[in-house]
Amino acid sequence: IPVAATVAVVIDEIRLERGLPEINPECKLVRGTDAELFGPVISENMLRKDVEPMDLAEDLQSFMNLGRSFKDAGLVCGKTVPQVKLLLKLLDLAPEVQDAVRTHAISWTAGAELSDLRREDQVVKLGELIAAGNTTVARVKATVTAAKTGEEVTEVPGKRLVTKLLGLE
């Protein structure tokens, strides 16, 4: 039995077990190295479903571990190099902060900002931010800066708020 036929049979068996109709998918066998084939897998996942930021960060790290560059990683997921670097910062977070990102208690961009702190401090600051009910990126940046410098830092209002207040919409 060709590999493609085997894959199609397994997919249909899983669908039938779940009470879904057969689809008899067409399969194509593509040969290549892991580094060549992992990128299309990431791209396909992004097209097929909403990929959680933590999952994307883990996939991008695996892709880069195969010798690929930040630019290559950005190309396969439709992100810029700075966005890829920001996503990868999620992997430096304490497990509790990663859980907060996964459960959307804090946005992934706000979570990435916390990665500039030691893991113990990340957890403490996350608790403070959630208790205060303010986990915006601006508040997180101000909190991280204050923790690193020892000085209180006020957050800068967001561009949308300033635009709205000035009636520039």
**Item:** Non-hydrogen atoms of L56 and C77 that approach each other most closely
**Value:** CD1-CB, 4.1 Å
**Message:** Can you give me the closest heavy-atom contact between Q83 and T80, atom names plus distance?
**Reply:** OE1-N, 2.8 Å
**Prompt:** Taking all atoms of both residues into account, what is the closest heavy-atom pair of I130 and A105, and its distance?
**Reply:** CD1-CB, 4.3 Å
**Prompt:** Hey, what do you get for CG (D116) to CG (D121), rounding to the nearest 0.5 Å?
**Reply:** 12.0 Å
**Complete:** Separation between CG (L126) and CD (Q98), nearest 0.5 Å, reads 12.0 Å
**Asked** So with a 6.0 Å cut-off around NZ of K89, is the heavy-atom count from everything else above 12?
**Response** yes
**Asked** Is it true that a side-chain atom of E113 and a backbone atom of V140 form a donor plus acceptor pair closer than 3.5 Å?
**Response** no
**Message:** For A73 versus L60, what's the shortest heavy-atom pair and its separation?
**Reply:** O-CD2, 3.7 Å
**Fill in**
CG (L66) and CE (M64) are apart, to the nearest 0.5 Å, by 10.5 Å
**Request:** Measure the NE2-OG1 distance between H104 and T135 for me, rounded to the nearest 0.5 Å.
**Result:** 12.5 Å
**Message:** So does A112 get a backbone contact from the side chain of S115, meaning a donor-acceptor N/O pair under 3.5 Å?
**Reply:** yes
**Message:** Can you give me the closest heavy-atom contact between A110 and V137, atom names plus distance?
**Reply:** N-CG2, 3.8 Å
**Prompt:** Rounded to the nearest 0.5 Å, how far apart are CZ of R118 and NZ of K125?
**Reply:** 11.0 Å
**Message:** Let's go through L88 and F70 carefully: what are the C-alpha distance in whole Å and the side-chain angles of both, what is the deciding distance for side-chain contact (heavy atoms from CB on, under 4.5 Å) to 0.1 Å, and is it a yes or a no?
**Reply:** CA-CA 10 Å; L88 292 175; F70 286 107; 3.6 Å; yes
**Asked** What's the shortest heavy-atom distance between Q122 and L117, and which atoms?
**Response** NE2-O, 2.9 Å
**Under the salt bridge (Lys or Arg N to Asp or Glu O under 4.0 Å) test, residues paired with D92 that sit two or more places apart** = none
**Message:** Is there a side-chain contact between E58 and L90 in this structure, where contact means two heavy atoms from C-beta onward sitting under 4.5 Å apart?
**Reply:** no
**Request:** Report the distance from atom CG of L114 to atom CZ of R119, rounding to the nearest 0.5 Å.
**Result:** 12.5 Å
**Message:** Between L93 and V124, is there shared hydrophobic-cluster membership here, with clusters defined by ILVMFWY side-chain heavy atoms closer than 4.5 Å?
**Reply:** no
**Request:** Could you give me the CA-CA distance, side-chain angles and deciding distance for D55 and R102, then say whether side-chain contact (heavy atoms from CB on, under 4.5 Å) is met?
**Result:** CA-CA 9 Å; D55 297 332; R102 286 185 197 280; 3.2 Å; yes
